[in-house]
There are 2 protein chains.
Amino acid sequence: MKILIVDDEINIRNVVKEYAEHEGFKADEAGDGMEAVTMAKAQDYDLIIMDVMMPRLDGFSACKEIRKTKDTPIIILSARDDEYDQQHGFDLGIDDYVTKPFSPPLLMARVKAVVSRRNSSRTNVTEPMTFEGLEINMSGREVYVDGKRANMTPKEYDLLFYLVKNRNIALTRDKLLEEVWGYDFFGDDRTVDTHIKMLRNSLGEYRKFIVTLRGMGYKFEA
Amino acid sequence: MKILIVDDEINIRNVVKEYAEHEGFKADEAGDGMEAVTMAKAQDYDLIIMDVMMPRLDGFSACKEIRKTKDTPIIILSARDDEYDQQHGFDLGIDDYVTKPFSPPLLMARVKAVVSRRNSSRTNVTEPMTFEGLEINMSGREVYVDGKRANMTPKEYDLLFYLVKNRNIALTRDKLLEEVWGYDFFGDDRTVDTHIKMLRNSLGEYRKFIVTLRGMGYKFEA
DNA sequence: CGATCACCATGAAGATTCTGATTGTCGATG
DNA sequence: CATCGACAATCAGAATCTTCATGGTGATCG
């Protein structure tokens, strides 16, 4: 696992590098956008952490240039919220962004998330799963019940996919809320129940795979 | 799970404490940095929530001092964005920071994220264990007795899993009540006995693994 | 405006706790 | 070494409390 750290401030590069190496990554550094483009094209990095404000070539322009030849995952570091323009993010296929000032552990959490997302989407792609008459195609975001396409809501897909990814593992409502709804969701536990109910309806007879663990949460049991 | 709340304003401490306890944390309080350092060094907290502006010793200096002996996760509460100085954050290994004014649920979300981030790197999915004909799968919340699925109540699972996690260790009823029932359970000692009884029934012949320690408590003996 | 979602109230199913009676254990003692 | 007393553990079941599925409501958003 090799990452490229791009920032004009050497202090930041050093700190990030230290944390990254501590997490078992190898880390190269670049001091501006031009350098970053050259290095990113010459090598296959698993991830690039890129500052926005830099001399010679800014972070967004560097991304655009890199994207012409590579689709290396990129995390953007931007100094203020409004510096990160959504338009840019969408166009350039930015994987995540972190606003400065940031805490290194937080950044590392994002790094690991992006890397594992890429990896899992690579291995899981083209591998629809079948549980009896229930076919689940995560990459295509399709679910078939006895061969018939199930039309589900976004949350149902998210919930089902998370359950299936962690099948045979007991999941608390809190865990589900955190992972499916997001850590910044301040909602009610019962919300999970409601969506489980709707998901079960969508799954017809295959609702049986979704097991209630009383006093605990739920589990997809295959 | 025990956290330390550090702030000079008692109102803030109270609010945070209330929320934290609602989430199942135990919470101690400190009114300034000096106090915080003393307490954090004396005990192993799972997390420290630390204000920046405080009399006697400010939050950052307190972190620095604590970091000399412990690497307890720390969340910083800072009054304004610019009060959180990058230098500080980097040097001190702050896990996250929240700017005042904050909403308690947001803070709690961050707290849970930090704690679970720390834990997930360690305590992940546990492999199923077998003791003769008794199979225990904690992640799946499944127990098999001679290959037959045992259908148990939540407390039975919790109790059994805690006993097994601490197998060959003598556990008092008080310890079990605190760890399995929760620190806020003010019930009778006999409650443990009752659940031990039901657990033994569920385990059939493998009840023999649960040993009574007269005048003491119980032990899972493998 | 329709789809989706979060949240709430409800009641039934299920789990937990407590009580008090019973049984078991162990050391002291005649 | 048999017995007793004191205390600890076990047990059954009734009362109480919790939890979850469900259906409905209102908010939100495209």
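Chain letters run A, B, ... following the sequence lines, proteins first, then strands; residues in each count from 1. Here the structure is a predicted model, which means the values were calculated and not measured.
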Can you tell me if [X] uses its side chain to pair, donor with acceptor, with the backbone of [Y] under 3.5 Å?
X: B/R200; Y: B/K197; answer: no
X: B/R167; Y: B/V164; answer: yes
X: B/N137; Y: B/G140; answer: yes

When the distance from [atom1] of [X] to [atom2] of [N] is rounded to whole Å, what number comes out?
X: A/L159; N: C/dC5; atom1: CG; atom2: C1'; value: 13 Å
X: B/D189; N: C/dT17; atom1: CG; atom2: P; value: 12 Å
X: B/L176; N: C/dT16; atom1: CG; atom2: P; value: 15 Å
X: B/R190; N: C/dA21; atom1: CZ; atom2: C1'; value: 14 Å
X: B/K197; N: C/dG24; atom1: NZ; atom2: C1'; value: 16 Å
X: B/D184; N: C/dT16; atom1: CG; atom2: P; value: 15 Å
X: A/K155; N: C/dA3; atom1: NZ; atom2: C1'; value: 14 Å
X: A/R173; N: C/dA6; atom1: CZ; atom2: P; value: 15 Å

Counting only heavy atoms not in B/K165 (residues, nucleotides, ligands), do more than 12 fall under 6.0 Å from its NZ?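 No, because the 6.0 Å sphere around NZ of B/K165 holds 12 heavy atoms or fewer from other groups.
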Ignoring backbone atoms, test whether A/T191 places a side-chain nitrogen or oxygen under 4.0 Å from the OP1 or OP2 oxygen of C/dC5. no
Is B/W181 near enough to C/dT16 that one of its side-chain N or O atoms lies under 4.0 angstrom from OP1 or OP2?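 Answer no for this pair, as no side-chain N or O of B/W181 is under 4.0 Å from OP1 or OP2.
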Residue pair B/Y162, B/F220: steps toward the ring pair (Phe, Tyr, Trp, His ring centres under 6.0 Å) verdict: CA-CA 9 Å; B/Y162 186 77; B/F220 189 96; over 10 Å; no
One thing to verify: whether A/E221 and B/R149 come together as a salt bridge, which I'm taking to mean a side-chain N less than 4.0 angstrom from a carboxylate O.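 Looking at A/E221 together with B/R149, the answer is yes, because their closest N to O distance falls below 4.0 Å.
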Ionic contact status for A/K208 with A/E205, cut-off 4.0 Å: no
So B/D193, base contact, sugar-phosphate only, or nothing? Heavy-atom distance under 4.0 Å.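 Base, at least one base atom sits under 4.0 Å.
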Report yes if the side chains of B/V145 and B/Y206 come closer than 4.5 Å at any heavy-atom pair, otherwise no.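 Yes, close enough: below the 4.5 Å cut-off.
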Between A/V111 and A/F25, is any pair of side-chain heavy atoms under 4.5 Å apart? yes
Could you identify which residues of residues 207-222 of chain A place a heavy atom less than 4.0 Å from some atom of DNA chain D, listed by residue number, or say none? A/T212, A/L213, A/R214, A/G215, A/M216, A/Y218
DNA chain D: first to last nucleotide in contact with chain B (atom under 4.0 angstrom from a heavy atom), 5' to 3', is D/dA8 to D/dA12
So does A/T194 reach the base of C/dC5 with its side chain, donor to acceptor, closer than 3.5 Å?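 It does not, because no donor-acceptor pair links the side chain of A/T194 to the base of C/dC5 below 3.5 Å.
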